[in-house]
Amino acid sequence: MSSHAPPKTTKPVTLRTLAQMKKDGQRITMLTGYDATFARLLDNAGIDMILVGDSLGMVVKGESNTLNVSIEQMAYHTAAVARGVNRAHVVGDMPFMSYQASPEDALKNAARLLQAGASSVKLEGGAQVAPTVARLVEAGIPVMGHIGLMPQSVHAMGGFVVQGKDAASRQRIMDDAVALQEAGAYAVVIEGVPTELATEITEALAIPTIGIGAGNGCDGQVLVLYDLLGLNPDFTPKFVKKYVDGAAIVGDAVRSYVDEVRRQVFPDDDHAFHAPKKAPQPSEPLTLVMGGAKVVGHH
Ligand code: KIV
């Protein structure tokens, strides 16, 4: 039976929950997140999964690709996100060169993300990373795969371009999906492929597929949070839907602040502290309440 209603449970989303959602035909919702504040907002809004994506190299660090993200940076952001979450499943993305050189590297680095608070890790690649996936799963580390357009292979792909356009590459991507499932991956992200291919893969696999730029036939969807929020007015790819014009909202708020500070309208009396009417004696402590915290000082 399929349902479009958001899950009523506040129990944490586990691998079992996700497998059951695929069986029930209930769509899995995932967004990227990089800090505790947004993680709390996403979790409260009912998101099923938060991916601490290495896309942070682009949207947080301002780089042109994801190749310069370190495992230390991923662990730092994963810990921040995990602190903001009650229910959502937190996935830590394995950055470039944290798993490609050897399964031992992969084990050590995946462990860092789990210790930082992730409940599973994601890595890019298909058949060629299947032995690494199997090794991690054997060690008790749940792995999400990522096939199709793989941003860490941006140079090999000749840019961020749609994959699976010819018969040979469609077959390779299907084989990659099956190899990941056989290696024990619990789910797979399918990025930047034609809808028909992603749908075919979703029907062929027993594990959930999560699409991005892969049409509506996957078991779930993921987007980069800042794209959904419209924070970058210069980034408007076909697969992104901006649910809000975040750039305009932030811009307007900051322009108002700048204007009010310059005109000395802010801070007004409602946003200021005042000394008690009777001047305190030299020995009497001065108590202020700042941001919910009590600050006690002396004259
Ligand atoms: O790093 C990331 O944000 C991702 C998603 C785009 C799937 O891998």
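Numbering of residues begins at 1 and proceeds along the displayed sequence. We count ligands from 1, going down the list as the structure has it; atoms in each ligand are counted the same way.
Nearest non-hydrogen protein atom to atom 8 (O) of ligand 1 is K122 NZ, 3.0 Å. Nearest to atom 5 (C) of ligand 1 among the protein's heavy atoms is L51 CD2, 3.6 Å.
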Please assess F235 against Y226 for the test ring pair (Phe, Tyr, Trp, His ring centres under 6.0 Å), listing each intermediate value before the final yes or no. CA-CA 10 Å; F235 187 64; Y226 292 14; over 10 Å; no
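The existence of a salt bridge linking D48 and R87 is confirmed by a sub-4.0 Å separation between a basic side-chain nitrogen and an acidic carboxylate oxygen. Salt-bridge check for D175 with R172: failed, with every basic side-chain N at 4.0 Å or more from each acidic carboxylate O. The residues R263 and D259 are annotated as salt-bridged, a charged nitrogen and a carboxylate oxygen being separated by less than 4.0 angstrom.
A continuous path of hydrophobic side-chain contacts links Y243 to L231 [ILVMFWY only; heavy atoms under 4.5 Å].
Residue contact check: I212 has heavy atoms under 4.0 Å from atoms 6 (C) of ligand 1. Each of the following atoms of ligand 1 lies closer than 4.0 Å to a heavy atom of T32: 3 (O).
Taking only non-hydrogen atoms, the option from S55, G192, G211, G53 nearest to atom 3 (O) of ligand 1 is S55.
If you look at D93 next to ligand 1, the close heavy atoms, those under 4.0 Å, all belong to the side chain.
Between D54 and ligand 1, a contact under 3.5 Å exists for at least one N or O pair.
Between the side chains of T202 and D219, not a single donor N or O lies within less than 3.5 Å of an accepting N or O.
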